[in-house]
Amino acid sequence: MFTDSYLPRVSGVVHSLDALVRALRARGHYVLVVAPTYQGYQDADPDVIRFPSFRPLRSENFPLAVPVSRAIGRRLEEIPLDLVHSHTPFLLGTAAAGQARRRGVPLVFTHHTLYEKYVHYATWVPAGLSRGMVRGYVTWYANHASSTIAPSPAVAAYLRERGVTSRIDVVPTGTVDLALFERLSPAWVRPAFGIAADQPLLVTASRLGKEKSVDLLLDTFARIPRRYGARLLIVGEGPEMDDLRATATRLGVADWTIFAGLQPHRRTLECIAAGDMFVFASQTETQGLAVIEAMAAGLPVVAVGAGGIADAVADATTGFLAPPSAEALAFRIQSLLDDHRLRHRFGESGRAAAQKFSLEHVTGEIVGVYDSLLAVHHH
């Protein structure tokens, strides 16, 4: 597994990759992870190889690997690999492609992110130029992989539209440990944040970046009449935190909005489970792990029906999908606030629908892709 982002970083990609690695090992497979170094972090896992990295300005905690090391190269060459799986097309993705090419083994590429939607973080390159460059490069990379794994049918269609002509396998990457949800203890959440038991609680969880459209959620929340007494709990951190706090103040909902900050994964799930519904406005998701986790926790979902979210949430069955409009989102939230039975029905349907995103199911699908490629390769 080659990845530009791994532990100790907290993100949907890192969580799903770590879960997949553990599940594959539990089935008896040998899995080596190749990732960047993180300052001050030491691996307890002996099968993680770290390339040196550096942190560009304003990168938060996202170091960039320098995939050039003779010592690491020699160590990799000593390990017999049947297959290389890249979770990035960029820095360590190029190293992954090189390993697969030199060894003559299949290269699998999981398209985790709509990369062109994140070019605003590359502030040193004009946005229009970098967006086109990223789009073209990712298409080229996918066409050189033995298989590109798309997390949802929407992403598979997106890749075809962008010119990917090679093999695409649709396999969810949002691996959910369903047994964990039976062990959650969300009782601490409401007292910890000063939320009364009878106050409706809307929850969202994401990185607080522009691409997640949390500002749209605040605009939406401001349109919910205060007579409901609803609270909005925002779990996560990111570069937009200060601006979002200012937006909440400007919209007059600061006293009704709680910024919980970054929480460990289990506590994030408990924050979600303590809610009455999960709200999500991001339009850049390939799948939306947080939405799937909310469904597994039995929450109805109100979300913008864009990208992989439209494949994860069944409109009017596990929640409501809406256009990226504060008015439209607020209308659907109020519909659920007014109807306890509907909330319960959507929640139960979501819990059942989350089964297909279970860690066991997804791992089996991934192994199936590996087996099919290795059969052709050995033949």
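Reckoned from all heavy atoms, side chains included, excluding hydrogens, waters and symmetry mates. All values derive from a computational prediction rather than experimental measurement.
- Of the possible polar contacts, none joining the Ser152 side chain to the Asp311 backbone as a donor-acceptor pair under 3.5 Å is found.
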> Could you walk me through whether Phe90 and Tyr137 pass the ring pair (Phe, Tyr, Trp, His ring centres under 6.0 Å) check?
Replying inline: CA-CA 9 Å; Phe90 301 113; Tyr137 173 73; 5.7 Å; yes
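- For the pair Arg162 and Val138, the minimum side-chain heavy-atom distance is 4.5 Å or more.
- In summary, Arg223 and Asp219 engage in a salt bridge, as defined by a charged side-chain N under 4.0 Å from a carboxylate O.
- Shown here for Asp4 and Tyr38, the closest heavy-atom pair between the two residues is O-OH, 4.3 Å.
- Note: Leu184 CG to Ile272 CD1 = 9.5 Å, rounded to the nearest 0.5 Å.
- The shortest distance between side-chain heavy atoms of Phe51 and Val34 falls below 4.5 Å.
- The backbone N or O of Ser185 lies less than 3.5 Å from a partner atom in the side chain of Glu270, making a donor-acceptor pair.
- When side chains are defined from C-beta on, Pro300 does not count as touching Thr318, because their heavy atoms never get closer than 4.5 Å.
- In this structure a side-chain-to-backbone donor-acceptor pair under 3.5 Å is missing from Ser358 to Leu178.
- Put simply, the side chain of Asp47 never gets that close to the backbone of Leu32: no donor and acceptor are under 3.5 Å apart.
- Applying the ring pair (Phe, Tyr, Trp, His ring centres under 6.0 Å) test to every pair with at least one member in residues 186-241, sequence neighbours left out, gives no pairs at all.
- The shortest side-chain heavy-atom distance between Gln99 and Val105 does not fall under the 4.5 Å cut-off.
- Between the CD atom in Gln263 and the CD atom in Glu237 there is a gap of 10.0 Å [rounded to 0.5 Å].
- Both Val304 and Leu336 are assigned to one and the same hydrophobic cluster, defined by single-linkage of ILVMFWY side chains at heavy-atom distances under 4.5 Å.
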> So Arg74 and Glu77, salt bridge (charged side-chain N to carboxylate O under 4.0 Å, His left out) or not? Walk me through it.
Replying inline: CA-CA 5 Å; Arg74 285 194 297 268; Glu77 292 302 325; over 6 Å; no
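- Counting only distance, with no hydrogens or angles, the side chain of Thr249 and the backbone of Arg245 share a donor-acceptor pair below 3.5 Å.
- Within 6.0 Å of atom CZ in Arg102, more than 12 heavy atoms from other residues, nucleotides or ligands are found, so the atom counts as buried in its surroundings.
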>> Quick one, Thr257 with Arg231, criterion side-chain contact (heavy atoms from CB on, under 4.5 Å). Give me CA distance, side-chain angles, the key distance, then yes/no.
In response: CA-CA 6 Å; Thr257 304; Arg231 296 290 189 269; over 6 Å; no
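- When all heavy atoms are compared, the tightest approach of Ala330 to Thr220 is N-CG2, 3.5 Å.
- Both Leu83 and Val21 are assigned to one and the same hydrophobic cluster, defined by single-linkage of ILVMFWY side chains at heavy-atom distances under 4.5 Å.
- Donor-acceptor pairing under 3.5 Å is recorded for the side chains of Ser147 and Asp169.
- Of all heavy-atom pairs between Phe181 and Glu293, the closest is CE2-O, 3.3 Å.
- Atom CD of Gln39 is separated from atom CZ of Arg55 by 7.0 Å, given to the nearest 0.5 angstrom.
- Residues Val170 and Glu365 fail the side-chain proximity criterion, which asks for heavy atoms closer than 4.5 Å.
- Contacts of Arg332 classified as side chain to side chain contact (heavy atoms under 4.5 Å, CB included), with partners at least two apart in sequence or in another chain: Val302, Phe320, Ala322, Ala328.
- If you chain together hydrophobic residues whose side chains sit under 4.5 Å apart, Ile195 and Phe278 fall into the same group.
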>> Go through it in stages, so that I can follow the logic: the residues are Ser213 and Ser282, the test is side-chain hydrogen bond (donor to acceptor under 3.5 Å, both in side chains), and I'd like the CA-CA distance, side-chain angles, deciding distance and then a yes or no.
In response: CA-CA 5 Å; Ser213 300; Ser282 174; 5.9 Å; no
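- Glu116 contributes atom CD, which lies 11.0 Å from atom OG1 of Thr284 (distance to the nearest 0.5 angstrom).
- Side-chain N or O atoms of Tyr141 include one that pairs as donor or acceptor with a backbone N or O of Gly93 at under 3.5 Å.
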>> Walk me through whether Asp18 and Arg22 qualify under salt bridge (charged side-chain N to carboxylate O under 4.0 Å, His left out).
In response: CA-CA 6 Å; Asp18 178 52; Arg22 288 185 283 105; 3.3 Å; yes
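- In this structure the side chain of His111 reaches within 4.5 angstrom of the side chain of Val155, judged on heavy atoms.
- Within 6.0 Å of the CZ atom in Phe331, the count of heavy atoms belonging to other residues, nucleotides or ligands does not exceed 12.
- Here the shortest heavy-atom pairing between Pro106 and Ala100 reads O-CB, 4.3 Å.
- At least one donor-acceptor pair closer than 3.5 Å links the side chain of Arg50 to the backbone N or O of Pro36.
- Contact of the Met241 side chain with the Phe259 side chain is registered, since non-hydrogen atoms from C-beta on lie closer than 4.5 Å.
- Atom CD of Glu327 has 12 or fewer neighbouring heavy atoms from other residues, nucleotides or ligands inside a 6.0 Å radius.
- In terms of hydrophobic clustering, with Ile, Leu, Val, Met, Phe, Trp and Tyr side chains grouped at heavy-atom distances under 4.5 Å, Val10 and Leu233 are assigned to different clusters.
- Side chain of Thr110 to backbone of His112: no donor-acceptor contact under 3.5 angstrom is found.
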>> Walk me through whether Leu232 and Val253 qualify under side-chain contact (heavy atoms from CB on, under 4.5 Å).
In response: CA-CA 9 Å; Leu232 174 63; Val253 294; over 6 Å; no
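- At distances below 3.5 Å, not a single donor-acceptor pair connects side-chain atoms of His344 with backbone N or O atoms of His340.
- A salt bridge is defined here as a Lys NZ or Arg NE, NH1 or NH2 lying under 4.0 Å from an Asp or Glu carboxylate O, and Glu240 with Lys210 meets this definition.
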>> With side-chain contact (heavy atoms from CB on, under 4.5 Å) as the criterion, how do Leu269 and Leu180 come out once you've worked through the C-alpha distance, each side chain's angles and the decisive distance to 0.1 Å?
In response: CA-CA 9 Å; Leu269 295 182; Leu180 174 60; 3.5 Å; yes
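- With a 4.5 Å cut-off on side-chain heavy atoms, Leu218 and Ile234 count as touching.
- In the hydrophobic clustering of ILVMFWY residues, with side-chain heavy atoms under 4.5 Å counting as a link, Ile224 and Leu342 come out together.
- The line from CG of Leu107 to OG of Ser146 is 6.0 Å long, rounded to the nearest 0.5 Å.
- Considering all non-hydrogen atoms of both residues, Pro191 and Ala187 come closest at CD-O, 3.2 Å.
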> Run the salt bridge (charged side-chain N to carboxylate O under 4.0 Å, His left out) check on Arg190 and Asp276 step by step: do they pass?
Replying inline: CA-CA 12 Å; Arg190 286 176 177 262; Asp276 293 292; 3.1 Å; yes
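- Pairing each heavy atom of Val203 with each of Gly275, the nearest pair is CG2-CA, 3.7 Å.
- With hydrogens and angles disregarded, a donor-acceptor distance shorter than 3.5 Å links the side chain of Gln287 to the backbone of Thr173.
- Contact check on Arg25 versus Asp45 returns a salt bridge, with a Lys/Arg side-chain nitrogen under 4.0 Å from an Asp/Glu carboxylate oxygen.
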> Stepwise, does the ring pair (Phe, Tyr, Trp, His ring centres under 6.0 Å) test hold for Phe109 with His85?
Replying inline: CA-CA 6 Å; Phe109 164 48; His85 190 159; 8.8 Å; no
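- Remark: Ser5 OG to Leu91 CG distance equals 12.0 Å, nearest 0.5 Å.
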